[in-house]
Amino acid sequence: MTPRIIGLDQRYAASASLVRHGVEIITVRDERGARFDSATRSLFRLIQRDGPGIWDHLAGAAKALRWRLITDPMPIERNAQLTAAAGEVGRQARQLIGAVDEDALLREIADAAAALCTRDPLVGAVLRESLTEVGPESAVVVAASSRSREALGEWLGSFGARVLTLGELERVDVSEDIAYFVGPPRFFKSAAVTAPRTLEVTFILPAWFGDRTVPRSAIAQYAEGGIQVAARIVEAGDALPALPEPATSETEPIPEEDLLPQPVWGSRVSEDRAPNADEVEARKVLLSGNRAIWLDDDGERIRALDPTQPPGERVGYSDVSAVAPGTYLLLREGEAERESLHARAFGRIGPRTSVIQESQASWKSALIERLRGRSARDSEGALRALGVRAAGQVRAWTSPHVIRPQSDGDFERLLGWLGLPVQPHFGNASLLRHEVHRATRELRDRLEAAADVADLHELERIGHMTLDIAEPGFRGMFVTRVLAIAPFTELIARHDVRVPFADEGAQWLE
């Protein structure tokens, strides 16, 4: 049998095993973690009552620490991320003491955070014990993120255990029988259960994390006799108290999703209207390294880097619609990449630069004037009637950054619609496009060379790095991980789109 058929056969066997036996969920009792979780919930009940504002920084730090407790259960001496997060909670809490009438809660959340650093996380101890029992060659550890994978790998690597993200697990050859997922099922895509790579799947999480729902396939509810995977709960960790504490009733329970790190986007502030010729609809994208960009919805693609690809094939483009948390974007400090590419192209064109710039300005000005006073739908309809296939991009063509329509036929018909001769506009725009494409290929080669010598493990651990390109015109390039994308758009000036700027909206995110 071919390797592909063998792989499919193994997947079917793993799925059948999970249907028969279900997944195992190990809930680890941890008194110190439960104390901090309780204090965090008390804080969020205050926020439910009073609203955010003054509590924002403490709430963000508390959620970040809570996430670290779940996903980064390494020993304290190897867990700088956890100790730093605990220290930040204490710092934020102490800043509020005396400023609000909640000193007792603030001291409790600070003390509970500090207590976490007095003992190694019990989730990690249970994970290590489980690996010892089955043997590291029989089990693979699955981390909730690339950063967690790097941290867990440094700890468990010397023990001989392989640590992967779920995305990596789906791509590589798997010989292990058991997959230990560090975190609750909701932290992972449904494929962890619906398309398993191992015969057994175990999730390890703190007992104080309440949501233990096992994911289902998106089509299960529509399928006759849809498969549902059962869960077996196994308890471990601190001993149960002799007399269990009476359950406290929360009038407004705090949903788990409210306690996970997440950006606060607020509400749309732009007017509810179509964008002007010099505007676009764009979403705010939060990036690693306290940066952000506005990403235009009508853009086709953006330069990206895939660390999982072999040397020479890491740099490419991602469709804008495919950009998601975890995507690595290649950007330029202080300006969009297209600015530097156009400057490099005009440098090659030389004396004809002013002629080409005037030609570009001429047909674009005519297009802007033609669009003025007409709805976008009317303009698109008129162009489609003439056979312009990409008529939906008509507003984007007014941008100085868009050289011309991709199709020769579309461009010729557009010029005719504007009442302009095909030449010299067609030739000038085509020459500029040729030189920009040439500069683009050169930049890709430089970026590939820089990526080949970069420490990509460090990139995945930290989330961003500057690429060492000494040549003038290519300096200031950096790669950064997408952390979050706004659920709504704003009206943004075209010249501000894809230009990186400082933003701390992601400071509490993974």
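- Within 6.0 Å of NE2 in H57 there are 12 or fewer heavy atoms belonging to other residues, nucleotides or ligands.
- Here R147 contributes atom CZ and R481 contributes atom CZ; the two are 8.5 Å apart, rounded to the nearest 0.5 Å.
- To the nearest 0.5 angstrom, T480 atom OG1 is 11.5 Å from L305 atom CG.
- Note: F209 and F187 meet the aromatic proximity criterion, with ring centroids under 6.0 Å apart.
- For R128 and D120, the salt-bridge test fails: no basic side-chain N is under 4.0 Å from an acidic carboxylate O.
- Atom CD of E108 sits about 10.0 Å away from atom OG1 of T40, to the nearest 0.5 Å.
- Looking at R314 and D452, a side-chain N of the basic residue comes within less than 4.0 Å of a carboxylate O on the acidic one, giving a salt bridge.
- Electrostatic pairing of E281 and R268 counts as a salt bridge here, judged by a charged N lying under 4.0 Å from a carboxylate O.
- Using modelled atom types, one side-chain atom of R197 and one backbone atom of V172 make a donor-acceptor pair closer than 3.5 Å.
- Between atom OG of residue S318 and atom CD1 of residue I302 there is a gap of 8.0 Å, rounded to the nearest 0.5 Å.
- The stretch residues 83-92 participates, sequence neighbours left out, in these salt bridge (Lys or Arg N to Asp or Glu O under 4.0 Å) pairs: E88-R91.
- Using modelled atom types and a 3.5 Å distance limit, the side chains of R212 and T27 yield no donor-acceptor pair.
- Summarising the geometry, atom CD belonging to Q95 is positioned 11.0 Å from atom CG belonging to L106; distances are rounded to the nearest 0.5 Å.
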